[in-house]
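This report concerns only the one structure given below.
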Amino acid sequence: MLDVRRVRSELDVLKAGLARKGADTAELDRLAELDGRHRRLAERRDEVRAKVNHLSKEVGRLRREANHEGAEARMDASRRLGEQEKALAAEAEQVAAELRDLLLRIPNLPADDAPDGVDEADNVVVRVVGHDHEAFGDHQRVPHWEVGGALGILDLERGAKIAGSMFPLYRREGASLIRALTAWALHSHADAFEEIRPPTLVRTATITASGQLPKFADDAYHLERDDLWAIPTAEVPLTSMAAGEILAEADLPMRFAAATPCYRREAGSAGRDTRGLLRVHEFEKVEILAYCTPEQAVTVHAELLGRAEGLVGDLGLGYRVLDICTGDLGQSQARQFDLEVYAPGCDQWLEVSSISWFGDYQARRADVRYRHRDDAKVGFVHTLNGSALAWPRIWAALVETGRQPDGSVVLPEVLSPWLGGTTTIGASPVG
RNA sequence: GGAGGGAUGGCAGAGCGGCCGAAUGCGGAGGUCUUGAAAACCUCUGGGCGUGAGCCCCGCGGGUUCGAAUCCCGCUCCCUCCGCCA
């Protein structure tokens, strides 16, 4: 969330920022109004409290001096003030609640260097790597749901039978491939990222801290009976790992990597990308996340992007990097790069990673702070995270790209150690 | 699921309803002393709101009271035992 105080000193700056995101700037006026009301009420409440505190102290003193009439008089006066205090406190609390709720819904400001734009059409292609549109043969122009079905490694029908559409079921080498990708990716990050296996059902406070709630509750699975939320990404538990803590600057940046299942209701996208693995309710993903100082943020952002690109490159997939425009940024993001791989079978660029910088927006929600090395002052950390990587679309791109003229699929050599030495699926004897 | 016990500052640990934002010890920072270090001694050492007087925070949220770390209720978490269980 934003720092409310900025609404008092630089309202115009906030409005300009939110306007770039295409957000409703009138909410800032309401925020300013609530903030002003709350401060006035709190001030009056505190004045009354101060009097009550003072009178109560006197009661104690007078009692000790056996001055019972004096004590009684103070108690009467204090009792009357108490009524006032109660009313003022209730009013202040109500305004504070409104303020909190509004604050949680107001988006983050975009970074200055995020490209302006209104929707995904305005995203900027920063670079295209290892892609040659003409290089694919007809044997690669088969969508992965057909390849997977023919090889018996993807069984969408049975997935649907068990859980519904968009709940994929992988078989044999198809299932092993997911496991291999996860092991390989975690291993690749192990040099700098602490591996975490977090809970995947979390409290309301946890999923609110990273920004999914309260605004996007419909997108998440909720277990009502236990009031727990199924995480849509490991970003959610990882962001709250240090919630309520004050970290030492010397420990920053802190880097974490986690492989988890991710659950998304995909409300509002019904009918889009329903074939195959392009959009699913449950999938596995390796997420990398960092807490750092504001000064480190740009470097760490580049580092995370480099990590994701490195993996895609090592898999031998062609990809492009998009600089997400202000209008397409999520609520919490200040800057975001997307990685898209090219899948020849469905002839589409598939988003397989989103590497985001949140500034202190999430840190304020989660209350993650750090103590400066020099002056011991406390400030909010910056959070960054990215997928590295999300597997269903990688699975699709690998299967389509690796398809041979004989219908078998050859996977990248880097996965060999994680696949028991075989990189070929459905090989017919070479003849 | 059942029965108990607990939650206080970085850690340990005290705290008759008022003089407690909180003793004491350890840890940490600075200083004196020393060629340097150790030891000893001295000082400092939680977070937040408010321009300020001031206000809030002793797990969280309510309540009682003139006044709550202290009393009452609810919740969360931790520990012990029983039951169940991958």
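Every value quoted in this text rests on a predicted model; they were computed, and no experiment measured them. Labels below follow one simple rule: chain letters A, B, ... track the order of the sequence lines, proteins then strands, and each chain is numbered from 1.
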Original post:
How far, in whole Å, is B/rA22 from B/rC44 if one measures between their P atoms?
Top reply: 13 Å

Original post:
Can you name the side chain to side chain contact (heavy atoms under 4.5 Å, CB included) partners of A/Lys51, sequence neighbours left out?
Top reply: A/Leu81

**OP:** Specify the separation, in whole Å, of atom CZ of A/Arg64 and atom P of B/rG67.
**Re:** 17 Å

Original post:
Who does B/rA40 pair with, Watson-Crick or G-U, both distances under 3.5 Å?
Top reply: B/rU32

Original post:
Atom CD of A/Glu58 to atom C1' of B/rC66: distance rounded to whole Å?
Top reply: 11 Å

Original post:
Does B/rC49 have a Watson-Crick or wobble mate here (both distances under 3.5 Å), and if so which one?
Top reply: B/rG54

**OP:** May I ask you to list the residues of residues 200-209 of chain A, by number, that have any heavy atom positioned under 4.0 Å from an atom of RNA chain B?
**Re:** A/Arg203

**OP:** Identify, with sequence neighbours excluded, every residue that meets ring-ring contact (aromatic ring centres under 6.0 Å, His included) alongside A/Phe167.
**Re:** A/His281

Original post:
Quick one: side chain to side chain donor-acceptor pair (under 3.5 Å) partners of A/Arg264, sequence neighbours excluded?
Top reply: none

**OP:** Please tell me if the side chains of A/Glu284 and A/Cys262 come closer than 4.5 Å, counting only heavy atoms from C-beta onward.
**Re:** no

**OP:** Could you check how far CG of A/Leu62 sits from C1' of B/rG67, rounded to whole Å?
**Re:** 13 Å

**OP:** Please check if the distance between the ring centroids of A/Trp229 and A/Tyr263 is under 6.0 Å.
**Re:** no

**OP:** Write down the distance separating the C1' atoms in B/rC60 and B/rU76, rounded off to the nearest Å.
**Re:** 7 Å

Subject >> Between B/rC71 and B/rU65 - C1' atom distance, rounded Å >> reply: 10 Å

Subject >> Listed once per pair and sorted, the side-chain hydrogen bond (donor to acceptor under 3.5 Å, both in side chains) pairs that draw on residues 22-31 of chain A, sequence neighbours left out >> reply: A/Lys15-A/Asp29

Subject >> Those residues that, when tested against A/Asp119, pass side chain to side chain donor-acceptor pair (under 3.5 Å) (two or more places apart) >> reply: none

Original post:
Taking any strand in view, what nucleotide pairs with B/rC66 in a Watson-Crick or G-U wobble way, both distances under 3.5 Å?
Top reply: B/rG18

**OP:** Provide the distance between the two P atoms, one in B/rG2 and one in B/rU70, to the nearest whole Å.
**Re:** 27 Å

Subject >> Validation row: A/Tyr370, A/Leu252 side chains within 4.5 angstrom (heavy atoms) >> reply: yes

**OP:** Provide, to the nearest angstrom, the distance between the CG atom belonging to A/Leu41 and the C1' atom belonging to B/rC49.
**Re:** 15 Å

**OP:** I would like to know whether A/Arg279 and A/Glu266 meet salt bridge (Lys or Arg N to Asp or Glu O under 4.0 Å); could you show each step before the answer?
**Re:** CA-CA 8 Å; A/Arg279 186 177 299 277; A/Glu266 299 294 345; 2.9 Å; yes

Shorter than 3.5 Å, N or O on both sides, protein versus nucleotides 20-23 of chain B: list them out with atom names.
none

Original post:
Pairs in or reaching into residues 377-394 of chain A: which pass side-chain hydrogen bond (donor to acceptor under 3.5 Å, both in side chains), with residues at least two apart or in two chains?
Top reply: A/Thr182-A/Trp391, A/Trp357-A/His382, A/Gln362-A/Thr383

Subject >> Separation between the C1' atoms of B/rC77 and B/rG28, rounded to whole Å >> reply: 29 Å

Original post:
Which value, in whole Å, describes the distance between the C1' atoms of nucleotides B/rG31 and B/rG48?
Top reply: 31 Å

**OP:** Could you check which residues of residues 74-94 of chain A get a heavy atom under 4.0 Å from RNA chain B? Sort them by number, please.
**Re:** A/Met75, A/Ser78, A/Arg79, A/Lys86

**OP:** For the residue pair A/Ser353 and A/Glu351, confirm or rule out a side-chain donor-acceptor distance under 3.5 Å.
**Re:** no

**OP:** Starting at atom NZ of A/Lys377, determine the distance to atom P of B/rG48, rounded to an integer number of angstrom.
**Re:** 10 Å

Subject >> Distance-only side-chain donor-acceptor flag, A/Ser354 / A/Asp338, under 3.5 Å >> reply: yes

Subject >> Gap in Å between the two C1' atoms, one belonging to B/rG13 and one to B/rU32, rounded >> reply: 31 Å

Original post:
Taking side chain as C-beta onward, heavy atoms only, is A/Thr401 less than 4.5 Å from A/Leu317?
Top reply: yes

Only distances under 3.5 Å count here; give the side-chain donor-acceptor pairs of residues 416-426 of chain A to other protein atoms, sequence neighbours excluded, each with its distance to 0.1 Å.
none

What protein N or O atoms touch nucleotides 50-54 of chain B N or O atoms at under 3.5 angstrom, if any, and at what distances?
residue : atom : partner : partner atom : Å
B/rG50  : OP1  : A/Arg8  : NH2          : 2.3
B/rU51  : OP1  : A/Arg39 : NH2          : 3.0
B/rG52  : O6   : A/Glu43 : OE2          : 3.4

Original post:
Nearest-Å distance, CZ (A/Phe380) to P (B/rG47)?
Top reply: 13 Å

Original post:
Is there a Watson-Crick or G-U wobble partner for B/rG1 with both distances under 3.5 Å, and if so, which one is it?
Top reply: B/rC82

Subject >> side-chain N/O A/Arg371 vs B/rG47 OP1/OP2, d < 4.0 Å >> reply: yes

Original post:
Using purine N1 to pyrimidine N3 plus N6-O4 or O6-N4 for Watson-Crick, or N1-O2 and O6-N3 for G-U wobble, each under 3.5 Å, what pairs with B/rG59?
Top reply: B/rC75

Subject >> Length of the line joining A/Glu245:CD and B/rG10:C1', which is rounded to integer Å >> reply: 12 Å

Subject >> Check: A/Phe193 and A/Leu304 side chains under 4.5 Å, non-hydrogen atoms >> reply: yes

**OP:** List in chain and number order the residues that pass side chain to side chain contact (heavy atoms under 4.5 Å, CB included) with A/Val124, two or more places apart in sequence or in another chain; answer none if no residue qualifies.
**Re:** A/Pro115, A/Asp323

Original post:
Given atom CG of A/Asp226 and atom P of B/rC75, what is their separation to the nearest angstrom?
Top reply: 16 Å

Subject >> Rounded C1' spacing from B/rU24 to B/rA14 in Å >> reply: 7 Å

